[in-house]
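Comments concern the structure below.
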Amino acid sequence: MLGPDSDQQRKNLADTLRQLRKAAGLSGERLAVRAAMSQSKISRIESGKALPTVADVERIMTALDVPPDAREELLALTRSANVEYTSLRSSARLGIWRSQAEIKALTESASAIRQFLPAIPSGLIQTRDYARAILTPAVEGRPARDIDRAVQARLDSQVNIQVLCCGHAEVPGSCGSGVVVMNLPVV
């Protein structure tokens, strides 16, 4: 999934690559020839529509004769942007349940969880039917199999969570106040 930090990293990377190309006095077409890439790919990278791989950025930097110190900084930004980015399509292809399992592992090791989700309730307090409705549109291919696993993984992450609403314990998903504080046992 692509979060705000990933969006900003992609934008920073795109802006930096565009500025380097312009500073070198090259057009997008000329850079594409030098980097052995298509002009449309250069354009998508510079506009932030495509996230370049580390190899793409290395080819672009070689074509632009970027100095070693700037090279390292740009490669670090590229690596960071690539680590942060996971497309919804690839998550669906690999199985959304895997993402849910990762979230479960994080919640199990956390001593506190704070979330602000103004549009939908946290997955940690969703009911089975609500989780199914939320996850169904995101899964391509064979959704029945993947949805069942994703829903179960999401519900599994609710184990050992005590939800406190309005000053007293509640069953996950039953609080109507809109404010949920989750106390997790310290493991």
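This one's a predicted model, so the numbers in the text were calculated from it and none came from an experiment.
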Spatial distance of atom CD1 (I42) from atom CG (L17) [nearest 0.5 Å]: 8.5 Å
Step-by-step side chain to side chain contact (heavy atoms under 4.5 Å, CB included) determination, E58 to T53: CA-CA 9 Å; E58 286 176 337; T53 65; over 6 Å; no
Shared hydrophobic cluster, V33 / L26 (ILVMFWY, side-chain heavy atoms < 4.5 Å): no
Min side-chain heavy-atom separation L74-L20 under 4.5 Å: yes
Minimum heavy-atom distance between A35 and A63, given as atom pair plus value: N-CB, 3.9 Å
Check: A36 main-chain N/O paired with R59 side-chain donor or acceptor under 3.5 Å: yes
Straight-line distance of R154 CZ to I147 CD1, nearest 0.5 Å: 9.5 Å
Spatial distance of atom OG (S47) from atom CG (D15) [nearest 0.5 Å]: 10.5 Å
pair M37-I60: side-chain heavy atoms closer than 4.5 Å: yes
Main-chain N/O of Q39 paired to S43 side chain as donor or acceptor, under 3.5 Å: no
Student check: side-chain heavy atoms of L77 and E72 closer than 4.5 Å: no
Enclosure of Q152 CD (heavy-atom neighbours >12, cutoff 6.0 Å): yes
T78 side, atom OG1; R71 side, atom CZ - distance, nearest 0.5 Å: 11.5 Å
Spacing of OG1 belonging to T127 relative to CG belonging to L155, to within rounding of 0.5 Å: 8.0 Å
Chi angles and distances behind the side chain to side chain contact (heavy atoms under 4.5 Å, CB included) call for R21, R18: CA-CA 5 Å; R21 176 185 55 79; R18 184 175 42 257; 3.9 Å; yes
Spacing of CZ belonging to R34 relative to OG1 belonging to T62, to within rounding of 0.5 Å: 11.5 Å
Minimum side-chain heavy-atom gap L13-P52 below 4.5 Å: yes
Whether R44 side chain and K49 backbone form a donor-acceptor pair below 3.5 Å: no
Check against side chain to side chain contact (heavy atoms under 4.5 Å, CB included), D56 and K41: CA-CA 10 Å; D56 291 337; K41 184 169 187 174; 3.2 Å; yes
